[in-house]
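Taking it in order: structure first as structure tokens, then the write-up.
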Amino acid sequence: MNPRSLRFVPTAVLAMSFALPLAAAAEDEKYRDAAQVQAELVKVLTCQASRAEFERLGSALTPVYYEKPAQPALAGWSLVKDEKNAFVAVFNLPKPVTVYGHTTQQVMMPAQALLAVLDGDHVDALSTKLKLAPSTEPLAKHIRTRTVRVQPIGDGIEATIVQTVSTITTHPGKTMVGCEYRMNY
């Protein structure tokens with residue numbers, strides 16, 4: 001994960017990370033029910049989703065982020081008021097989700113990623129299990145990543161799907177695991 005997505009991104013850029021998926025996926029079908037959202041969430045968190053599926057979920061979360069009414073399938077999702085880190089959005093889930101054997105009721109969205117928020121320090125164990133390597137970014141040695149695949153979008157644009165495990169100082173005692181859906185122009 002790019003450390004700038006967690007520390008140095010202006011709040012306006014974070015807001016745009018929610019607005020852009022909304023614009024890009026405005027005509028997507030609504031989720032039929034909470035079970036479909038839950039299944040797609042797990043797909044996104046485990047890097048099995050496409051960039052379009054990530055954008056669809058981001059689009060559906062946009063009203064939740066702005067504390068507006070969301071589509072019925074997202075009933076019970078709520079934004080966590082987080083004074084510690086203005087560069088991420090944290091959401092409470094109505095039902096727990098299990099990712100790589102760990103259960104959580106919280107997800108975090110920094111820029112182009114969606115991460116499950118796990119209690120405890122699981123970085124080393126998950127990094128070994130998922131074959132992740134320390135980030136090469138100078139300020140991000142605490143982040144472990146692995147490129148899962150590169151997905152052509154069209155017109156020379158690609159999405160790089162990157163599996164990520166990390167911690168951040170604003171959320172002590174937590175491990176974030178999930179997937180980045182980076183756009184390459």
Side-chain angles (χ1 to χ4, degrees), residues 1 5-6 9 11-120 122 126 148 151 159 161-166 168 170-183:
M1 174 176 304
S5 68
L6 295 178
V9 179
T11 305
V13 173
L14 178 63
M16 284 185 62
S17 73
F18 289 98
L20 290 178
L22 179 62
E27 300 198 1
D28 281 350
E29 289 181 38
K30 292 185 185 240
Y31 291 104
R32 80 179 160 269
D33 56 28
Q36 185 185 23
V37 174
Q38 196 88 345
E40 191 146 306
L41 173 63
V42 170
K43 235 177 124 176
V44 168
L45 291 170
T46 58
C47 301
Q48 297 174 39
S50 67
R51 172 72 190 195
E53 289 168 313
F54 167 75
E55 288 175 348
R56 180 181 184 200
L57 189 55
S59 177
L61 287 172
T62 300
V64 178
Y65 176 75
Y66 289 109
E67 300 182 287
K68 305 276 185 205
Q71 53 180 283
L74 274 82
W77 284 65
S78 63
L79 180 69
V80 174
K81 295 292 183 186
D82 190 349
E83 305 281 323
K84 300 175 277 184
N85 191 332
F87 304 115
V88 299
V90 177
F91 299 95
N92 284 327
L93 309 175
K95 283 179 53 178
V97 63
T98 301
V99 181
Y100 304 116
H102 299 274
T103 302
T104 186
Q105 274 193 261
Q106 234 174 35
V107 294
M108 177 182 286
M109 187 173 235
Q112 298 182 78
L114 192 61
L115 311 169
V117 179
L118 309 177
D119 289 326
H122 306 286
L126 284 168
V148 175
Q151 174 189 351
I161 315 307
V162 180
Q163 199 160 44
T164 301
V165 172
S166 68
I168 53 177
T170 57
H171 293 76
K174 304 287 185 183
T175 299
M176 279 53 74
V177 60
C179 199
E180 284 185 82
Y181 292 82
R182 300 176 185 165
M183 294 298 287

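In this chain, numbering begins with 1 at the start of the sequence shown.
- Residue M109 comes nearest to A113 through the heavy atom pair CG-O, 3.2 Å, listed as atom of the first residue, atom of the second, then distance.
- Taking every heavy atom of both residues into account, E53 and E40 meet most closely at O-OE2, 3.3 Å.
- Checked by atom type and distance alone, the side chain of Q38 pairs as donor or acceptor with a backbone atom of P96 at under 3.5 Å.
- Without hydrogens or angle criteria, T103 side chain to T98 main chain gives no donor-acceptor distance under 3.5 Å.
- In this structure, K84 has no side-chain hydrogen bond (donor to acceptor under 3.5 Å, both in side chains) partners at least two apart in sequence or on a different chain.
- E83 is linked by a side-chain hydrogen bond (donor to acceptor under 3.5 Å, both in side chains) to nothing, counting only residues two or more places apart in sequence or in another chain.
- Note on residues 44-101: pairs passing disulfide bond (SG atoms under 2.5 Å apart), not counting sequence neighbours, are C47-C179.
- Sorted by first and then second residue, the disulfide bond (SG atoms under 2.5 Å apart) pairs involving residues 71-110 (not counting sequence neighbours) form an empty list.
- Remark: D119 engages K174 in a salt bridge (Lys or Arg N to Asp or Glu O under 4.0 Å) (not counting sequence neighbours).
- Residue pairs meeting the salt bridge (charged side-chain N to carboxylate O under 4.0 Å, His left out) criterion with at least one member in residues 62-78, sequence neighbours excluded: E67-K81.
- Pairs engaging residues 53-106 under the disulfide bond (SG atoms under 2.5 Å apart) rule: none recorded [sequence neighbours left out].
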Discussion item. Run T170 and V88 through side-chain contact (heavy atoms from CB on, under 4.5 Å) and show every step you take.
Written reply: CA-CA 10 Å; T170 57; V88 299; 5.9 Å; no

Under 3.5 Å, side-chain donor or acceptor atoms of residues 70-79 against the rest of the protein: list the pairs with distances, not counting sequence neighbours.
residue: Q71; atom: OE1; partner: Y31; partner atom: N; Å: 2.7

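- To the nearest 0.5 Å, the span separating CE on M176 from CD1 on I168 amounts to 4.5 Å.
- Residue Q112 holds its CD atom at 7.5 Å from CE of M183, rounded to the nearest 0.5 Å.
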*Dump the intermediate steps for side-chain contact (heavy atoms from CB on, under 4.5 Å) on L118 and L126, then the final yes or no.*
CA-CA 11 Å; L118 309 177; L126 284 168; 3.9 Å; yes

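- With hydrogens and angles disregarded, a donor-acceptor distance shorter than 3.5 Å links the side chain of T104 to the backbone of V117.
- Looking only at distances, a side-chain donor or acceptor of Y181 sits under 3.5 Å from a matching main-chain atom of V44.
- For Q48, the side-chain hydrogen bond (donor to acceptor under 3.5 Å, both in side chains) partners two or more places apart in sequence, or in a different chain, are T46.
- Side-chain atoms of E180 do not come within 3.5 Å of backbone N or O of T164 as any donor-acceptor pair.
- In this structure, the side-chain hydrogen bond (donor to acceptor under 3.5 Å, both in side chains) partners of Q106, at least two apart in sequence or on a different chain, are N92.
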Take L115 and V165, measure what side-chain contact (heavy atoms from CB on, under 4.5 Å) needs, and give me the verdict at the end.
CA-CA 8 Å; L115 311 169; V165 172; over 6 Å; no

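- For K95, there are no salt bridge (Lys or Arg N to Asp or Glu O under 4.0 Å) partners, not counting sequence neighbours.
- Residues that satisfy the ring-ring contact (aromatic ring centres under 6.0 Å, His included) test with H122, not counting sequence neighbours, are H102.
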| message | Evaluate L41 against L114 for side-chain contact (heavy atoms from CB on, under 4.5 Å), listing each step before the verdict. | response | CA-CA 9 Å; L41 173 63; L114 192 61; 3.4 Å; yes

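- In this structure, Q151 contributes its side chain and R51 its backbone to a donor-acceptor pair below 3.5 Å.
- Remark: L45 CG to Q163 CD distance equals 10.5 Å, nearest 0.5 Å.
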